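Report on the structure given below.
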Amino acid sequence: MTGSDTLLRVEGLTKAYPGVVANSEVGFSLRPGEVHALLGENGAGKSTLVKMIYGLVTPDSGRMVLSGQDFAPDRPATARRAGVAMVFQHFSLFDALTVAENVALGMEAPPPMRDLARRIRETSATYGLPLDPARIVGDLSAGERQRVEIIRCLLQDPKLLIMDEPTSVLTPQEVDILFKTLRKLSAEGTAILYISHKLEEIRTLCDHATILRRGKVVATCVPRDRTARELAELMVGAVLTPPARAATPKGEVMLEVTGLSAPSPIPFGTALKDIRLSVRKGEVLGIAGVAGNGQDELLLALNGELRSAPDALRIGGQPVGDKGPEARRLAGLVSAPEERLGHAAAPDMTLTENALLSGAIRQKLVRHGFIDWTKVRAFANTIIRDFDVRTPGTEVAARALSGGNLQKFVVGRELSQGSEVIVINQPTWGVDAAASAFIRQAILDRAAGGAAVVVISQDLDELLEIADSFAALNEGRLSPPRPVAGLTVEEIGLMMGGAHGMEVAHDAA
Amino acid sequence: MMRLEKRATPSRAWSVATPVLAVLLTMIAGGILFAMLGKDPVAAIRTIFWDPLFNPQFAAYSRPQLLVKAGPLILIAIGLSLGFRAGVWNIGAEGQYVVGALTGAAAGLALYPMESRLIFPLMVIAGALGGLLWAMIPAILRTVFRTNEILVSLLLVYVAQALLSSMALGALRNPQGGGFPGSRNLSQWASSANPELIAGTGMHWGVVAAFIAVIFAYILLQRHMLGFSIRLTGQAPRAARFAGVSPRRLVILCFGISGALAGLAGLFEVTGPAGQISLDFAQGYGFTAIIVAFLGRLNPIGILLAGLLMALTYIGGELAQFMLGVPAAAIQAFQGMLLFFLLAVDILTNYRIRWAREAS
């Protein structure tokens, strides 16, 4: 304990980028052992704020005081030496190296490997984070990779631990394990700065919350005293209506997958094993799962980028397992991959050209191989109008659009094609609340119009909101789909594979 | 401090202006080079760029040479540009050019001395097929065994050159040539000749084919789905797979088109300006065409202009050597500068320069 009752005080922190003020006069303070939430939508400025504390970004003005001393880290090493550690949302680990080697790479003066492995085992036992230092990182689940990052931080004995959206890659059971660890750290006097937009989590874990909106602090509160709804309204600054849905009678099976197995085309990817599912007209099937359990591969196998046996996949009864994306579009299946730039859209091409990219066949934009650009432009304009894409026009490069607008364009392009089967991976990833609500409503509208929809997402709340039936991917296997009504969080967690890697903990103990 | 900032959309104005800027910078740097060699820089630049076309003394000879040299460059570069846009790297056009000339000449010579209007078209087809088949070797090796097409296509150039020598000395040697290496003169046999179509212009069937190729490539890239697939694959390979483009099919197609066009260029050369299969038939058009393709920013109209410009620097360079005694190496350095400056200023299309003091 430092004796002072404030560990970190932040005052008037401002950071502007060309065209946007990411943080404006942000201030808050943190006591030792406090779990403090930074709450806000995507783009509210949470990441910029913690990057300034971690020395990755230099503020334009304002000051920080750490343990009673002026604190102005110019790079992460300075911040680490002062006792600040950070676990990023995206891990920086080498797949081909072991856990211990990865940890050693992040240290300034790593001890001999044998000592390091022993310390990793000790720390993992102390904080209840099961991890074997000898395993290759490429074989670990997302939750285990996160533990590598956390243990890498804990070995520095930090006074302040920053965690950026740590639960987005975890099953509910893994979240419980993580929370136990964080509470233990907090009891030992380590302060934790916790970034999230998941409200229930914050209400369970955090002592205080600072709420950011458009780069400004709009409120501070004790999250336990507030309802999730109140927190959401503070965060968004408006009252949001949940998507409306009509109970539609479900029709015949439009998409049927039986015994689909395929190796992953992605290095260190997850092979699909014996996938079985069927989706009926008007039905939305939600597929959950921790990142890296075969979501990308499943999308590729459904949209035809990854082929399988002809009978493994039927669209409207037609066997198309061995056909490519064009044939499947013709048969009635459209898809939107997770990665907007580079996969769903070509970054340097215009919106018109990107409309052609997947719209060519169903919209009949091509005759005898020749492109009807007038028709393509009209199609692009329809998408822009119907899906409220904010853009100066159709002749703008896709990469010039913001993430949310491009997502509306990509989802809009697929939903506008009047197809019978729609597959979408992460429909609202990195999209603000208003656009997310819009996209979910659009998906529900298409289902009400008779389409069979598969939504793959890591956002459980989203799936529970829009799906009729629910399944989870775990190490490339899909659990049998079940109706959403009556599912408990506990059951969902077990479908997602419970807590990955717990067996290692028993070995180590 | 100078900083580069990525543009939201590539600048159209700069993509047109950069080639002009590159030529100007080359003139300045080249002028300095010539001055350091003790030559009058203005005279040297004028000899290279102006005299071949307008000098009253030489222009009558050198002006037709412009199309004679530009024709094969443009024809080959158009084919290569399609592959380069899709990320398919055919570096072996020189080999396909040689093999096209060999197969085309062989098809004609097999019928010698028959007189028929059908012989020349037959040779044209044989030439295109020869180049196409030679290009299929790296294409198939890449699609089936994932070999590197750059290496295979390049190395096949040397195989093709060895083949050329053996043909010039063996199977295709002129039986009435007194034992000298080299085939019969195809430009002097009416059935196979590829003559100058309009006197004093240098225009022959190969130049016509080059112009047709430019138009064909322009329409393909602007209006046709195959052209779109080519551009998409080059810019965003994963998006291309999402769209349903088969990468293998595209590799085969790009190599097929570029090989066939290079083969055609070889055939038109051997029946026209060169006249015969000889040991020194390969003049490096296939390699220079790579430069032409990039100088023209892989755009058909750009390639047309770049081919003419490149031909001009060749003719002008020879003239400068001959008239002013500028060394051949300096001329080559000058041509190298042109490519260097073009690639260097190219960055302005996608980036803008910001002058800012570093905040420290």
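For clarity, every value in this text was computed on a predicted model and none was experimentally measured. Labels below follow one simple rule: chain letters A, B, ... track the order of the sequence lines, proteins then strands, and each chain is numbered from 1.
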Can you tell which part of B:Leu220 gets under 4.5 Å to a heavy atom of chain A, answering side chain, backbone, both or neither?
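B:Leu220 has no heavy atom closer than 4.5 Å to chain A.
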Max heavy-atom pair count under 4.5 Å with chain B, selected residue of [options]:
{"options": "A:Gly324, A:Gly304, A:Ala344, A:Gly359", "answer": "A:Ala344"}
{"options": "A:Ala360, A:Gly342, A:Ala327", "answer": "A:Gly342"}
{"options": "A:Val366, A:Leu356, A:Asn303", "answer": "A:Leu356"}

Below 4.5 Å from any heavy atom of chain B, which atoms of [X] appear? Answer side chain, backbone, both or neither.
{"X": "A:Glu353", "answer": "both"}
{"X": "A:Ser335", "answer": "both"}
{"X": "A:Ala345", "answer": "backbone"}
{"X": "A:Arg329", "answer": "side chain"}

Answer yes or no: is there a side-chain heavy-atom contact under 4.5 Å between B:Phe242 and A:Pro325?
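No, their side chains stay 4.5 Å or more apart.
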Answer yes or no: does atom [atom1] of [X] have more than 12 heavy-atom neighbours from other residues, nucleotides or ligands under 6.0 Å?
{"X": "B:Trp89", "atom1": "CH2", "result": "yes"}
{"X": "A:Lys15", "atom1": "NZ", "result": "yes"}
{"X": "B:Tyr351", "atom1": "OH", "result": "no"}

Which residues, numbered in order, of residues 227-241 of chain B come under 4.5 angstrom of chain A by heavy-atom distance?
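The residues closer than 4.5 Å to chain A, in numerical order, are B:Phe228, B:Arg231, B:Leu232, B:Gln235, B:Ala236, B:Arg238, B:Ala239, B:Arg241.
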For the atom pair NE2 (B:His224) and CZ (A:Phe370), what is the distance rounded to the nearest 0.5 Å?
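Separation between the atoms: 5.0 Å.
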